[in-house]
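Reviewing the structure listed below.
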Amino acid sequence: RNGRLEFKVRFPVFNKPYLSVITGVSYSQEQFHFGKIESEPYAVAKSLDDRSLKSAGMQVHVIKPTLSNTYFLLRLSADLNGDFMSGDNALSEYLKISVAPMYGWKRSDDLSYAVGLMYGYIFGRPSIYPLLSYNRNFNTKLGLESALPAYVRLRYSQHDRSFWYANVNIEGASYRLKNNLPGLEGIEKPHLHRSGLVSSVMFEHEIHNWLWFSVEAGYRFNLLFNITNSPARNAEVLIKSKVGTAPIFGISLFAVAPKKKTRSIENYGPKQL
């Protein structure tokens, strides 16, 4: 089993028709829970069982429209991932950087698309891959948001206070583990790399004019759950695990800014990376 508790704060620091800058901070704790472990070969699983793997970081999202209905989009994030509160290693060993520059075309308020590159960890290990974003409102109720291969989601709005989403997304992380964990003695820079394909349905509803909640349910299909001897993409795999498909469930409570504060931002995609 896998559980994660996450906190995020995002807000516009500059929002004009010619430039929008959104920044945010986040903190999460993730735990893995294994079944009954008795035999010695699973010492690493014993070490990871119920261990809180933390992530704390900052994100910056920059959107620069041009006079010709095109736009530049840049998303940067810097996160500390792993047992960074243990004090065993320099904080730089836990630092994970993600960057995604894109160039897009806004054909109308209902259609925009973009192409670009991303360097990040959604596949578990650091990877560079092409990005294709396509965002379209088919009518007043139905829309599509995507940034392939990261995610695609279909949106249906019952009204302006309730939304349904059908999501397919890839999400992953790379965690620097504590030195000398049982089963990993002598490994200089042990890392856990995980990645999965998530298919889910989510419902969002407004409780108050600024307070919303959401519930999500679906399935997660494992892509990667390995332990390596370094953070590099070509690092030696020390332990390769087979993780089964599992149901997921999530709940969220969040506050939103007034619509007049976000109107010039929301017409450009992708919404998330």
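- For W105, the CH2 atom is densely surrounded, since the number of other residues' heavy atoms within 6.0 Å is greater than 12.
- Using cut-offs of 30° and 60° on the angle between ring planes, the pair Y165 and F163 is parallel.
- Checked by atom type and distance alone, the side chain of S252 never pairs as donor or acceptor with a backbone atom of S214 at under 3.5 Å.
- Under the 4.5 Å side-chain heavy-atom criterion for ILVMFWY residues, no single connected hydrophobic cluster contains both L224 and L238.
- Put simply, F34 and V44 are part of the same group of oily side chains (I, L, V, M, F, W, Y) that touch within less than 4.5 Å, one to the next.
- Taking OG of S26 as the reference point, atom CD of E6 lies at 6.5 Å (rounded to 0.5 Å).
- Proximity of a side-chain donor or acceptor of S230 to a complementary backbone N or O of A235 within less than 3.5 Å is not detected.
- With a 6.0 Å radius and a threshold of 12 heavy atoms from other residues, nucleotides or ligands, K8 has its NZ atom at or below the threshold.
- The CG atom of L148 sits 11.5 Å away from the CG atom of N169 when rounded to the nearest 0.5 Å.
- With hydrogens and angles ignored, the 3.5 Å screen pairs no side-chain donor or acceptor of S112 with any backbone N or O of R136.
- Annotation: I251, atom CD1; neighbour count of heavy atoms from other residues, nucleotides and ligands within 6.0 Å does not exceed 12.
- Taking the six-membered ring where tryptophan is involved, the planes of W212 and F254 are essentially parallel, since the angle between them stays under 30° and well short of 60°.
- If you check the side chains of N2 and E30, you find a donor sitting under 3.5 Å from an acceptor.
- Remark: side-chain polar atoms of T245 are not paired, donor with acceptor, to backbone N or O of F221 under 3.5 angstrom.
- The neighbour count for R233 CZ, taken as heavy atoms of other residues, nucleotides or ligands under 6.0 Å away, does not exceed 12.
- Here E204 does not pair with R161 in a salt bridge; the nearest charged N to carboxylate O distance is not below 4.0 Å.
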>> Apply side chain to side chain contact (heavy atoms under 4.5 Å, CB included) to residues F138 and L144 and explain how you reach the verdict.
In response: CA-CA 8 Å; F138 300 105; L144 180 72; 3.8 Å; yes
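- At a cut-off of 3.5 Å, with distance as the only test, no side-chain donor of S157 or R155 sits close to an acceptor on the other residue.
- Other residues, nucleotides and ligands contribute over 12 non-hydrogen atoms within 6.0 Å of the CZ atom of F213.
- Between D49 and R51 there is no side-chain heavy-atom pair separated by less than 4.5 Å.
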>> Go through it in stages, so that I can follow the logic: the residues are V198 and I248, the test is side chain to side chain contact (heavy atoms under 4.5 Å, CB included), and I'd like the CA-CA distance, side-chain angles, deciding distance and then a yes or no.
In response: CA-CA 9 Å; V198 178; I248 64 164; 3.3 Å; yes
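- Of the inter-residue distances, the one linking S68 atom OG with K106 atom NZ reads 12.5 Å to the nearest 0.5 angstrom.
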> Under the side chain to side chain donor-acceptor pair (under 3.5 Å) criterion, do T70 and Y103 qualify, and how do the steps go?
Replying inline: CA-CA 7 Å; T70 61; Y103 182 77; 3.2 Å; yes
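- Using a distance-only test at 3.5 Å, with no hydrogens or angles considered, a donor-acceptor pair links the side chain of K54 to the main chain of S52.
- One finds the CG atom of L142 at 8.5 Å from the OH atom of Y156 (value rounded to the nearest 0.5 Å).
- Between S98 and Y121, some side-chain heavy-atom pair lies under the 4.5 Å cut-off.
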>> Could you walk me through whether R176 and N81 satisfy the side chain to side chain donor-acceptor pair (under 3.5 Å) test, starting with their C-alpha distance in whole Å, then the side-chain angles of each, then the deciding distance to 0.1 Å, before giving a yes or no?
In response: CA-CA 6 Å; R176 169 66 157 96; N81 282 11; over 6 Å; no
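- When all heavy atoms are compared, the tightest approach of F203 to W164 is CD1-CE2, 3.4 Å.
- Shown here for S241 and N222, the closest heavy-atom pair between the two residues is O-ND2, 4.4 Å.
- Under the 4.5 Å side-chain criterion, counting only non-hydrogen atoms from C-beta, I187 is not in contact with I227.
- What you find for V168 and S199 is that their closest heavy atoms are CG2-OG, 4.2 Å.
- Under a 3.5 Å cut-off, the side chain of N137 and the backbone N or O of G143 do not form any donor-acceptor pair.
- Here the CG atom belonging to L181 is positioned 5.0 Å from the OG atom belonging to S47, to the nearest 0.5 angstrom.
- In the hydrophobic clustering of this structure, I63 groups with L132; members are Ile, Leu, Val, Met, Phe, Trp, Tyr whose side-chain heavy atoms approach within less than 4.5 Å, directly or through other members.
- In summary, R107 and D110 do not engage in a salt bridge, as defined by a charged side-chain N under 4.0 Å from a carboxylate O.
- Aromatic ring pairs are classed by plane angle as parallel below 30°, tilted from 30° to 60° and perpendicular above 60°; the pair H191 and H193 is parallel.
- Looking at N226 and T228, their side chains never bring a donor and an acceptor atom within 3.5 Å of each other.
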> Could you walk me through whether L73 and H61 pass the side chain to side chain contact (heavy atoms under 4.5 Å, CB included) check?
Replying inline: CA-CA 7 Å; L73 186 149; H61 199 161; 3.6 Å; yes
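- Contact check for N167 versus M202: side-chain heavy atoms found under the 4.5 Å cut-off.
- Taking 4.5 Å as the limit, every side-chain heavy atom of L117 sits out of range of all side-chain heavy atoms of Y129.
- Within 6.0 Å of CD in E188 there are 12 or fewer heavy atoms belonging to other residues, nucleotides or ligands.
- Taking both residues in full, the closest heavy atoms of P17 and P65 are given as O-CG, 3.4 Å, listed atom of the first, atom of the second, then distance.
- Ring orientation note: the planes of H159 and H205 are nearly perpendicular, at an angle over 60° on the 30°/60° scale.
- Judged purely by atom type and a 3.5 angstrom limit, E93 has no side-chain atom pairing as donor or acceptor with the backbone of L91.
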>> Run the side chain to side chain contact (heavy atoms under 4.5 Å, CB included) test on L53 and L177 for me, step by step, so that the C-alpha distance in whole Å, both residues' side-chain angles and the decisive distance to 0.1 Å come before the verdict.
In response: CA-CA 8 Å; L53 298 174; L177 300 177; 3.9 Å; yes
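- Taking NZ from K141 and CG from N139, the interatomic distance works out to 8.5 Å, rounded to the nearest 0.5 Å.
- Among all heavy-atom pairs drawn from R153 and Y151, the shortest one is N-CD1, 4.3 Å.
- Close placement of the F225 and F32 rings is indicated, their centers lying within 6.0 Å of each other.
- The ring of Y27 has its center no closer than 6.0 angstrom to the ring center of F7.
- For the residue pair D83 and Y94, the shortest heavy atom distance occurs at O-OH, 3.4 Å.
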